[in-house]
Enquirer: 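Dropping the structure in here first, questions after.
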Amino acid sequence: MKVVILTIGGWGDTLPFIALGKGLQSAGHDVKVAAVPDFSALVKEHGLDYAPVNVDIRALLSGDLGQAIMKNYNIVKGIRFFVKTGSEMIAQAFEDFWLASQGTDAVLYGTAAFIGSALGEEMRVPAMALDLYPIYPTKEFPNFAMGLPDLGSYLNRFTYHAWEMLMWLMFTGPLNRLYREKLDLPRAPFGGIVRQARLKKTPVLSGYSPTVLPQPTDWPSHVRATGYWFLDAPAGWTPPKDLVRFLQSGPPPIYIGFGSMANKNAQQISAQVLEALEKTGQRGILFRGWGGLSPVDVPDTVCLIDPVPHSWLFPQVAAVVHHGGVGTTAAGLRAGVPSIIVPHIVDQFFWGKHVAKLGVGVDPIPRKNFSSEKLAAAVERAVSDTALQQRARDLGKKIRAEDGIQRAVELFEQWVGRLVEN
């Protein structure tokens, strides 16, 4: 079966889908991943076909408005961001998704690639939603993107419907343009494609661990949390020699990296990170990432790196400091080491609080409150709290016993088989 996976975003929005694509390929399917050009080489390195989504996410996040949102995130700023800058970007992405889907037998689409539901309908092939966190309505907690505390069962569930309407209002223009120019369909439905897909009971695979966050009890049978989709190193991969030497030259270091979170004040953040490491007497590994963590003067106790598989690196560090994206959060939990989360936007605030609630990480440090003093205090606790470290090891062991990719592949084949029969 020819399968296309549609996604748009940074590292955490892309790597899990490459991992799932590899699982589907191993099961005998022909898989294509549509993603932004930053990940073209990675998709191909893992043996999958690639289709471009010609959107510069990095430039978008590093722009003035993107930076303002990450510095002091709230839902109003988030909506303003997408209304002001997202219309043309989304229109381009929608067209690229349409091109990538031609000739496919099934469409799998990420949260931000919700047009996949309409593409499946237009081509009369099965469509399935892929979520990396629980985005399907539930009374048990509010929608992650809203950044709200628990509001009680009725209002919690309402936040998901409110989000669907906001998505519809924000993207009605690009949606109707695609419907008019490319799809043999009427205008985009009232309330949007996300709402329509929910009403049509489109199957949903949610790629997070129910061990970390139990699946909501009010989810219907066509929505399932499978476990995480981890992207491990490709066959034949070897780690950089200088990084291996650094790891072997002393005690386990602290990993610090903010993934796809761009930062115009990278040198200031880098200086604060180095100061915190010096205060605590810890060695450090700094992932440059899109945030540009690359201090000018680097002591011998610090190693700068480009992307390496988290599955290889994280078990060798004392703690992981990161932005709280679902992918990096999952990798840190799987490794069984304490987490220190510095949330920037959207679901990262939830994961920061939830990891601390589980007792496997310290209280999160929102980006707007970040300082060398706060980071130093968090690092001190992470490397000295033996009970926290043991809880992290125990949770890591449970996550490593799961096989989210295999479970997702099984559900995909069951559901697609039924959809084809019907």
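We count residues from 1, following the sequence as given.
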Enquirer: Determine whether H322 and F258 satisfy the following criterion, ring-ring contact (aromatic ring centres under 6.0 Å, His included), listing intermediate values before the conclusion.
Expert: CA-CA 5 Å; H322 59 93; F258 302 122; 8.6 Å; no
Enquirer: Are a donor atom and an acceptor atom from the side chains of D131 and T111 found within less than 3.5 Å of each other?
Expert: yes
Enquirer: Kindly give the heavy-atom pair with the smallest separation between P343 and I365, and that separation in Å.
Expert: CD-O, 3.5 Å
Enquirer: Is the backbone of E278 close enough, under 3.5 Å, to the side chain of Q282 for a donor and an acceptor to pair up by distance?
Expert: no
Enquirer: Are the side chains of P252 and Q316 in touch, meaning some heavy atoms are under 4.5 Å apart?
Expert: no
Enquirer: Working to the nearest 0.5 Å, report the span between CZ of F94 and CG of L99.
Expert: 14.0 Å
Enquirer: Could you check if a side-chain atom of I285 sits within less than 4.5 angstrom of a side-chain atom of L243, using non-hydrogen atoms only?
Expert: yes
Enquirer: Is the shortest heavy-atom distance from the side chain of R283 to the side chain of F246 under 4.5 Å?
Expert: yes
Enquirer: Compute whether any side-chain donor of one residue and acceptor of the other, for E413 and H29, lie under 3.5 angstrom apart.
Expert: yes
Enquirer: Between E410 and Q414, is there a side-chain donor-acceptor contact under 3.5 Å, judged purely by atom types and distance?
Expert: no
Enquirer: Given side chains that start at C-beta, do those of L15 and L42 come closer than 4.5 Å, heavy atoms only?
Expert: yes
Enquirer: Rounded to the nearest 0.5 Å, how far does CG of L231 lie from OG1 of T14?
Expert: 10.5 Å
Enquirer: Do L277 and T301 have side chains that get closer than 4.5 Å, going by heavy atoms?
Expert: no
Enquirer: Between D232 and R334, is the closest basic N to carboxylate O distance under 4.0 Å?
Expert: yes
Enquirer: Which is it for Q248 and R245 under the side-chain hydrogen bond (donor to acceptor under 3.5 Å, both in side chains) test, yes or no, and what are the steps along the way?
Expert: CA-CA 5 Å; Q248 294 174 346; R245 285 194 294 269; over 6 Å; no
Enquirer: Working to the nearest 0.5 Å, report the span between CG of L20 and OH of Y228.
Expert: 15.5 Å
Enquirer: Quick one: side chains of residues 133-146, donor-acceptor pairs under 3.5 Å with protein atoms, not counting sequence neighbours, listed by atom name and distance.
Expert:
| unit_1 | atom_1 | unit_2 | atom_2 | d |
| --- | --- | --- | --- | --- |
| T138 | OG1 | E140 | N | 3.1 |
| T138 | OG1 | D218 | OD1 | 2.7 |
| T138 | OG1 | D218 | OD2 | 3.3 |
| E140 | OE2 | T217 | N | 2.8 |
| E140 | OE2 | T217 | OG1 | 2.7 |
| N143 | OD1 | A145 | N | 2.8 |

Enquirer: In this structure, are over 12 heavy atoms from other groups packed under 6.0 Å from D150 atom CG?
Expert: yes
Enquirer: When rounded to the nearest 0.5 angstrom, what distance separates CG in N54 from CG in D96?
Expert: 4.5 Å
Enquirer: If you look at every heavy atom in A318 and V383, which pair is closest and at what distance?
Expert: CB-CG1, 4.4 Å
Enquirer: Please tell me whether F314 and Y255 form a close aromatic pair, meaning their ring centres lie under 6.0 Å apart.
Expert: yes
Enquirer: Would you give the length of the straight line joining atom CG of L48 to atom NZ of K22, rounded to the nearest 0.5 angstrom?
Expert: 7.5 Å
Enquirer: Do the side-chain N and O atoms of D385 and Q389 include a donor-acceptor pair separated by under 3.5 angstrom?
Expert: no
Enquirer: Is there a donor-acceptor pair under 3.5 Å between the side chain of R224 and the backbone N or O of L205?
Expert: no
Enquirer: Is K398 paired with E402 through a side-chain N to carboxylate O contact shorter than 4.0 Å?
Expert: no
Enquirer: Under 3.5 Å, side chain of D403 to main-chain N/O of Q406, donor-acceptor pair present?
Expert: yes
Enquirer: Nearest heavy-atom pair of H354 and L213: which atoms, and what distance?
Expert: CE1-CD1, 3.7 Å
Enquirer: Which atoms form the tightest heavy-atom contact between G325 and Q348, and what is the distance?
Expert: N-CG, 3.8 Å
Enquirer: For F97, is there any backbone N or O sitting under 3.5 Å from a side-chain donor or acceptor partner on S101?
Expert: yes
Enquirer: Of all heavy-atom pairs between G12 and L132, which one has the smallest distance, and what is that distance?
Expert: O-CD1, 3.2 Å
Enquirer: Aromatic rings F17 and W229: how do their planes relate, parallel, tilted or perpendicular, breaks at 30° and 60°?
Expert: tilted
Enquirer: As an exercise, state the distance from OH of Y50 to NZ of K32, rounded to the nearest 0.5 Å.
Expert: 11.5 Å
